[in-house]
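Encoded as structure tokens, the structure appears first; notes follow it.
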Amino acid sequence: MSAVSSSSLCGGDPAMRSVVWFRRDLRVEDNPALAAAARAGGEVVPAYVWSPEEEGPYYPGRVSRWWISQSLKHLDASLRRLGAGKLVTRRSADAVVALLQLVRDTGATHVYFNHLYDPISLVRDHRLKEMLAAEGIVVQSFNADLLYEPWEVVDDERQPFTMFTAFWNRCLSMQYDPPAPLLPPKKINSGDLSMCPSEDLIFEDDSERGSNALLARAWTPGWQNADKALTAFLNGPLADYSVNRKKADSASTSLLSPHLHFGELSVRKVFHLVRMKQLVWSNEGNHAAEESCTLFLRSIGLREYSRYLSFNHPSSHERPLLAHLRFFPWVVNESYFKIWRQGRTGYPLVDAGMRELWATGWLHDRIRVVVSSFFVKVLQLPWRWGMKYFWDTLLDADLESDALGWQYITGSLPDSRELDRIDNPQFEGYKFDPHGEYVRRWIPELVRLPTEWIHHPWDAPVSVLQAAGIELGSNYPLPIVELDAAKARLQEALSEMWQLEAASRATMNNGMEEGLGDSSEVPFPEELQMEVDRATANVVMTVRRREDQMVPTMTSSLNRAETEVSADLGNSEDTRAQVPFHAHFHPRVEREDMIQNTEGPALRINGTHQHNIFQQPQNHRREALAPSVSEASSSWTGREGAVVPVWSPPAASGHSETFAADEADVSSRSYLDRHPQSHRLMNWSQLSQSL
DNA sequence: ATTAACTTCAC
DNA sequence: TGAAGTTAA
């Protein structure tokens with residue numbers, strides 16, 4: 001793109017021109033940045049920068065990329081309808097560089113965008129503000145993603161909450177309501193953008209096209225479609241949410257999460273509409289429906305909390321927040337990992353979930369808990385591997401939400417479930433899938449097994465298995481790990497973890513700066529990494545035949561069964577009315593969304609480098625940035641444009657010491673003092689150490 | 001009415 | 001596991 005200066009390139013020379021930088025706020029309605037630009041008058045240049053290399057290992061997976069591409073088309077059409085020129089798109093390995101260039105190209109004097117709270121965005125956006133300010137450009141950023149900004153929600157000591165329930169209760173009882181949703185601007189004038197260079201963005205390669213075409217049958221990205229989905233949910237499934245949400249293939253999930261992830265839907269709109277429904281139902285005395293609203297809003301609350309955690313603890317996607325978990329000796333076993341991905345663990349509910357995830361990019365919330373809990377507690381694989389796999393495959397992959405979910409499952413949050421409690425997939429199976437319909441849908445080889453045995457085929461009499469055409473260990477696996485063995489290994493691992501933790505604390509008390517080794521730094525398996533050609537800033541789709549991933553089913557030794565299965569998956573399409581959508585990837589479709597990573601260290605997110613990024617001194621303390629709550633209620637709109645979420649150095653924050661992730665010299669002791677419910681674990685460990 | 005036993009569900 | 005809510009006595 002030419003560096004020729006600007007106004008000439010992009011037409012006229014208006015008094016004022018603004019760039020609106022779209023990211024994960026791909027909507028026209030209730031978009032404060034867009035509204036502010038439109039309100040300011042002058043010309044508005046809507047822009048999108050595709051810079052996935054910035055995400056390091058979290059390069060968006062195939063389904064995520066497909067969603068973005070569709071959503072951008074929709075956004076572009078909407079903007080044009082409002083009178084704007086095209087959505088200007090740029091491709092770069094560095095969004096800040098691309099944006100500076102765009103500002104120069106257009107001669108813009110103002111830049112508007114909405115806040116993001118993932119660690120990379122926090123740093124990048126701060127840098128952007130500084131660089132633009134240095135060039136005399138006015139930058140304003142807004143909250144478009146949350147009910148309340150993370151720094152607004154604090155406890156009585158004005159410290160961030162460390163437990164979800166308390167956090168959410170506070171959100172629900174704030175002095176002021178979340179801002180009411182904004183209407184779309186009536187008119188956007190972009191001036192003449194015909195000469196403003198835009199780059200074609202490539203979100204899929206040839207091999208992905210077939211699978212993506214199937215996605216389009218089940219999902220329609222785009223903010224107006226998101227809005228329709230919301231309306232449909234409010235008028236239908238929401239009322240029964242409290243009853244139905246427990247079923248594995250429940251028809252009453254909202255299916256809004258991918259829309260929310262890309263900001264096609266404003267949570268504030270969702271919140272207000274659900275609240276209104278709730279009032280109506282409450283007045284009618286419909287308690288079940290009222291409760292449904294409470295529960296659904298809670299899941300919105302969890303999404304809020306994930307941003308809250310990420311803002312307050314930017315390493316939460318890669319390091320356990322509770323320090324002792326860093327010493328957990330994970331089982332580094334790629335073959336277990338592969339078996340889990342393929343859905344061949346021998347536990348039907350787990351396998352069904354993994355195959356659904358693979359085939360559709362979707363998984364019911366409950367089943368996410370089942371498969372991730374199995375991953376962490378039975379297989380004891382490093383949780384970040386599982387999280388990365390979710391990132392690569394889920395349609396609603398969301399770094400903040402997934403980090404919260406996996407840390408919760410791993411027992412590394414103050415309010416986590418205990419790590420040493422293994423959930424039994426068999427019991428969960430009868431709970432979430434009492435008739436085995438879900439299992440039979442996704443594991444064709446078990447279709448003929450009676451419900452009595454469907455969740456524990458290993459206990460079934462030989463005659464029953466024979467009648468069902470099942471030969472355990474042959475066409476359906478025996479359990480990969482027995483639960484008793486898992487429990488035993490888990491106890492050993494925990495005891496080892498506490499010993500290491502104690503040793504590390506002793507080392508640090510002796511004046512050493514660093515503690516002992518950190519098991520949270522287990523690298524991703526190579527096949528989960530990607531290859532980025534930095535020179536061209538294009539991701540090179542290294543074609544790797546990942547046969548283990550192509551068919552969500554049998555071992556390769558069983559070709560006969562494999563054929564049956566693919567036929568079955570195809571046929572079942574019209575019989576799956578209850579399943580939220582009907583996308584089936586043909587099992588033979590070849591895909592290589594996993595790409596190998598040989599990129600240099602600059603963008604790599606590993607423990608140390610990441611740490612350095614955040615250790616860079618930043619002048620702004622959260623206290624300095626965050627207005628007081630009372631202030632906020634009175635002058636919200638006037639001030640919001642001035643506030644940027646800037647990660648505050650942990651040392652400056654008195655509270656951070658409860659979370660080891662933020663400071664090198666912090667042990668889990670302080671956390672344990674603060675969170676009495678963990679003392680049980682602590683006492684147990686002391687006991688085991690004294691043996 | 002008050003307590004104890006029993007069930008449910010966790011972010 | 002244990003807090004909260006529910007039922008039974």
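So that the names make sense, note that chain A is the first sequence line, chain B the second, and so on, each numbered from 1.
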Between the protein and nucleotides 4-7 of chain C, list the N/O to N/O atom pairs that are separated by less than 3.5 angstrom.
none

By salt bridge (charged side-chain N to carboxylate O under 4.0 Å, His left out), A:Lys431 pairs with (sequence neighbours left out) none
In residues 367-377 of chain A, what donor-acceptor pairs under 3.5 Å come from side-chain atoms, sequence neighbours left out?
from, atom 1, to, atom 2, distance (Å)
A:Arg368, NE, A:Leu363, O, 2.7
A:Arg368, NH1, A:Asp396, OD1, 3.2
A:Arg368, NH1, A:Asp396, OD2, 3.3
A:Arg368, NH2, A:Leu363, O, 3.0
A:Arg368, NH2, A:Asp396, OD1, 3.4
A:Arg368, NH2, A:Asp396, OD2, 3.0
A:Ser372, OG, A:Arg368, O, 2.6
A:Ser372, OG, A:Val369, O, 3.3
A:Ser373, OG, A:Asp423, OD2, 3.3
A:Lys377, NZ, A:Glu418, O, 2.9
A:Lys377, NZ, A:Arg421, O, 3.0

N/O donor-acceptor pairs under 3.5 Å from side chains in residues 281-289 of chain A, not counting sequence neighbours:
from, atom 1, to, atom 2, distance (Å)
A:Asn283, ND2, A:Leu279, O, 3.3
A:Asn286, OD1, A:Ala289, N, 3.2

If the condition is ring pair (Phe, Tyr, Trp, His ring centres under 6.0 Å), which residues does [X] pass it with, not counting sequence neighbours?
| X | answer |
| --- | --- |
| A:Phe167 | A:Tyr305, A:Tyr308 |
| A:Tyr408 | none |
| A:His259 | A:Trp67 |

Can you tabulate the close N/O pairs, meaning under 3.5 Å, that link protein atoms to atoms of nucleotides 7-11 of chain B?
from, atom 1, to, atom 2, distance (Å)
B:dC9, OP1, A:Lys246, NZ, 3.2
B:dA10, OP1, A:Arg245, NH2, 3.0
B:dA10, N6, A:Arg421, NH2, 2.8
B:dA10, N1, A:Arg421, NH1, 3.4
B:dC11, OP1, A:Thr165, OG1, 3.3
B:dC11, OP2, A:Arg298, NH1, 3.1
B:dC11, OP2, A:Arg298, NH2, 2.6
B:dC11, O3', A:Asp415, OD2, 2.9

Taking salt bridge (charged side-chain N to carboxylate O under 4.0 Å, His left out) as the cut-off, I'd like each qualifying pair that reaches into residues 290-305 of chain A, sequence neighbours left out, listed once.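 As it turns out, the salt bridge (charged side-chain N to carboxylate O under 4.0 Å, His left out) pairs with a partner in residues 290-305 of chain A, which skip direct neighbours, are A:Asp145-A:Arg303.
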